[in-house]
Amino acid sequence: MLENIYGLTLAEIEQKITALKLQKFRAKQIADWMYKKGASSFAEMTNIGKAMQETLSEHFVIQRPTLIEKWDSSDGETTKFLLGFGDGVAVESVLMRHNYGSSICISTQAGCAMGCAFCASTVHGVERNLTSGEMLAEVLFIDDYLRQNEDKKVDTMVLMGSGEPMMNYENVVKFMRLVHEPYTLGISYRSITLSTAGIVEGIDRLAAEEIPVSLAISLHAPNDDIRSELMPINKKYGIAAVVAAGKRYGDTTKRRVTYEYLLIAGVNDSDDNAKELARLIRGQLASVNLIPLNPVTERDFKRPSSARIEKFLQILTERHIAATVRREMGTDIAAACGQLRNQHIEK
């Protein structure tokens with residue numbers, strides 16, 4: 001079986017080709033063709049001789065994802081892609097167009113094992129981890145799409161799609177280092193946000209990596225009782241431990257931590273919930289991102305009223321907690337993570 005070379009670092013490509021007695025400098029050419037020019041075969045690499053193309057083709061393959069389905073929001077601001085890999089696994093990636101640039105949301109696993117009560121990604125469980133190359137392929141697929149269709153590029157990204165990044169730690173960190181390299185996208189670490197459900201060991205480990213990515217923690221509740229009902233992982237990593245890990249991350253990296261808080265009517269959106277949340281994170285280098293629920297067909301939760309959302313925000317700001325309400329995008333194209341993949345699986 002041929003080895004997939006797509007997703008290897010420059011050093012790894014050098015190692016592979018020098019083992020075949022090919023010149024080391026060819027690795028840079030191969031990387032440039034794959035990551036910058038979108039080549040899907042060695043025959044496309046015109047500055048590499050035919051004999052070398054044949055040698056490479058005898059040992060390696062370049063596996064890029066295929067587009068299974070694409071949805072565009074009616075306002076033209078959001079596009080969701082369902083991408084398929086060689087083994088039949090499909091993942092979702094989302095493009096969001098802002099006045100400050102193009103942002104993308106990528107998946108780190110096919111499905112998710114966290115079991116959060118409000119999330120569509122976990123309905124079918126986790127199928128497998130994505131490799132660093134497959135995550136890179138998500139990014140470069142959308143970057144190619146932007147460059148070809150809109151003369152734009154990917155500016156920022158969030159690892160906030162399907163999957164728990166900390167449960168695929170090695171591949172995720174390798175991906176973040178890879179997408180930062182000038183021979184791929186060259187994106188700044190400060191333009192990357194990683195979202196976690198609160199895997200404490202992973203948060204501490206990431207803080208020690210010395211890559212200044214932003215951290216977002218899916219909190220979604222102000223106490224253990226509510227959080228354990230919404231997020232089973234809270235039974236392993238209680239809310240106090242998660243928030244303490246967030247504080248350590250901010251103190252170590254000097255990067256502001258974002259606590260994501262999904263507002264669900266009658267569950268976690270009361271005045272008392274807002275006051276408790278303010279007490280929980282006061283004194284941290286942190287902010288709160290309030291996310292009004294995007295109802296999903298797979299889950300039976302309701303969205304709070306606009307007045308309730310505003311009151312929750314007001315209570316936080318009165319207590320000097322930096323807080324914003326996330327701008328909604330793609331509500332007409334099943335914006336919640338996992339919905340498009342679920343439809344594909346159920347077909």
Side-chain angles (χ1 to χ4, degrees), residues 64-85 89-112 114 116 118-124 127 130 134-150 152-165 168 172 175-176 179 185 187 191-197 213-214 216 218 258 260 262 289 291-299 325-345:
R64 300 171 64 88
T66 57
L67 179 63
I68 297 173
E69 197 165 347
K70 178 173 77 75
W71 286 5
D72 294 296
S73 63
S74 57
D75 60 14
E77 294 182 341
T78 307
T79 301
K80 175 174 273 195
F81 303 89
L82 185 66
L83 303 178
F85 294 106
V89 165
V91 300
E92 293 173 56
S93 311
V94 183
L95 164 64
M96 296 159 285
R97 302 168 181 86
H98 305 277
N99 55 13
Y100 56 81
S102 303
S103 177
I104 63 171
C105 177
I106 69 161
S107 297
T108 56
Q109 295 178 304
C112 185
M114 291 296 99
C116 296
F118 49 79
C119 184
S121 292
T122 195
V123 169
H124 294 284
E127 194 165 356
L130 297 186
E134 287 168 337
M135 286 178 260
L136 180 66
E138 292 181 73
V139 178
L140 293 184
F141 181 95
I142 298 179
D143 194 65
D144 288 345
Y145 176 87
L146 278 170
R147 291 178 187 277
Q148 293 167 13
N149 295 283
E150 302 176 25
K152 296 178 181 177
K153 62 181 180 63
V154 170
D155 297 298
T156 60
M157 73 180 69
V158 293
L159 281 67
M160 204 177 287
S162 294
E164 167 52 60
N168 188 17
V172 164
F175 155 72
M176 291 191 295
V179 79
L185 197 62
I187 194 165
S191 297
I192 302 172
T193 298
L194 182 149
S195 176
T196 176
V213 298
S214 297
S218 297
T258 299
E260 298 168 311
L262 187 69
N289 189 6
I291 309 167
L293 177 72
N294 242 337
V296 300
T297 56
E298 297 91 344
R299 303 299 187 190
V325 177
R326 179 181 293 177
R327 176 174 170 241
E328 293 184 277
M329 301 184 72
T331 54
D332 61 332
I333 57 167
C337 296
Q339 289 181 281
L340 183 55
R341 178 174 177 269
N342 288 348
Q343 291 179 22
H344 173 69
I345 291 172

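Computed from a predicted structure; not experimentally measured. Only heavy atoms go into these numbers, but all of them, side chains included; no hydrogens, no water, no symmetry mates.
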| message | Are Val172 and Leu159 packed together at the side-chain level, in the sense that at least one heavy-atom pair is separated by less than 4.5 angstrom? | response | yes

| request: State, to 0.1 Å, how close Ser73 and Glu77 come at their nearest heavy-atom pair, and which atoms those are. | output: OG-N, 3.4 Å

| note | Rounded to the nearest 0.5 angstrom, the CG-CD1 distance for Asp143 and Ile104 is 8.0 Å

| request: Indicate yes or no: at least one non-hydrogen side-chain atom of Pro165 is less than 4.5 angstrom from one of Ser195. | output: no

| Taking the side chain as C-beta and beyond, is there a heavy-atom pair between His98 and Asp155 under 4.5 Å? | no

| request: Look only at the side chain of Asn168 and the backbone of Leu130, and say whether a donor-acceptor pair between them is shorter than 3.5 Å. | output: yes

| field | Contact summary for Val139 and Leu185, nearest pair of heavy atoms | value | CG1-CD2, 3.6 Å

| request: Would you indicate whether the side-chain heavy atoms of Lys80 and Val94 approach each other to under 4.5 Å? | output: yes

| message | I want to check something: taking the side chain as every heavy atom from C-beta on, are Cys105 and Val158 in contact at a cut-off of under 4.5 Å? | response | yes

| note | What one should report as the nearest heavy-atom pair of Glu92 and Leu82 is CG-CD1, 3.9 Å

| field | Side chain Asn289, main chain Glu260, donor-acceptor under 3.5 Å | value | no

| query | Got a second to check how far Thr78's OG1 is from Leu95's CG, nearest 0.5 Å? | reply | 7.5 Å

| task | Indicate yes or no: at least one non-hydrogen side-chain atom of Asp144 is less than 4.5 angstrom from one of Arg64. | result | yes

| query | Can you tell me how far CD of Glu134 sits from CD1 of Ile106, rounded to the nearest 0.5 angstrom? | reply | 11.0 Å

| field | Worked check of side chain to side chain contact (heavy atoms under 4.5 Å, CB included) between Met157 and Ile192 | value | CA-CA 5 Å; Met157 73 180 69; Ile192 302 172; 4.0 Å; yes

| field | Closest heavy-atom pair and its distance - Leu83, Ser93 | value | CD1-OG, 3.9 Å

| query | How about Val91 and Phe85: do any of their side-chain heavy atoms sit closer than 4.5 Å? | reply | yes

| query | Would a distance-only check, ignoring hydrogens and angles, find a side-chain to backbone donor-acceptor pair under 3.5 Å from Ser107 to Gly161? | reply | no

| How close do Gly163 and Gln109 get, heavy atom to heavy atom, and via which atoms? | CA-OE1, 3.3 Å

| message | What's the separation between atom CG in Leu293 and atom CZ in Phe118, rounded to the nearest 0.5 Å? | response | 9.0 Å

| note | Rounded to the nearest 0.5 angstrom, the CG-CE distance for Leu140 and Met135 is 13.0 Å

| query | Can you name the nearest heavy-atom pair linking Leu136 to Val179, along with the distance? | reply | CD1-CG2, 4.0 Å

| field | Set of salt bridge (Lys or Arg N to Asp or Glu O under 4.0 Å) partners for Glu164, sequence neighbours left out | value | none

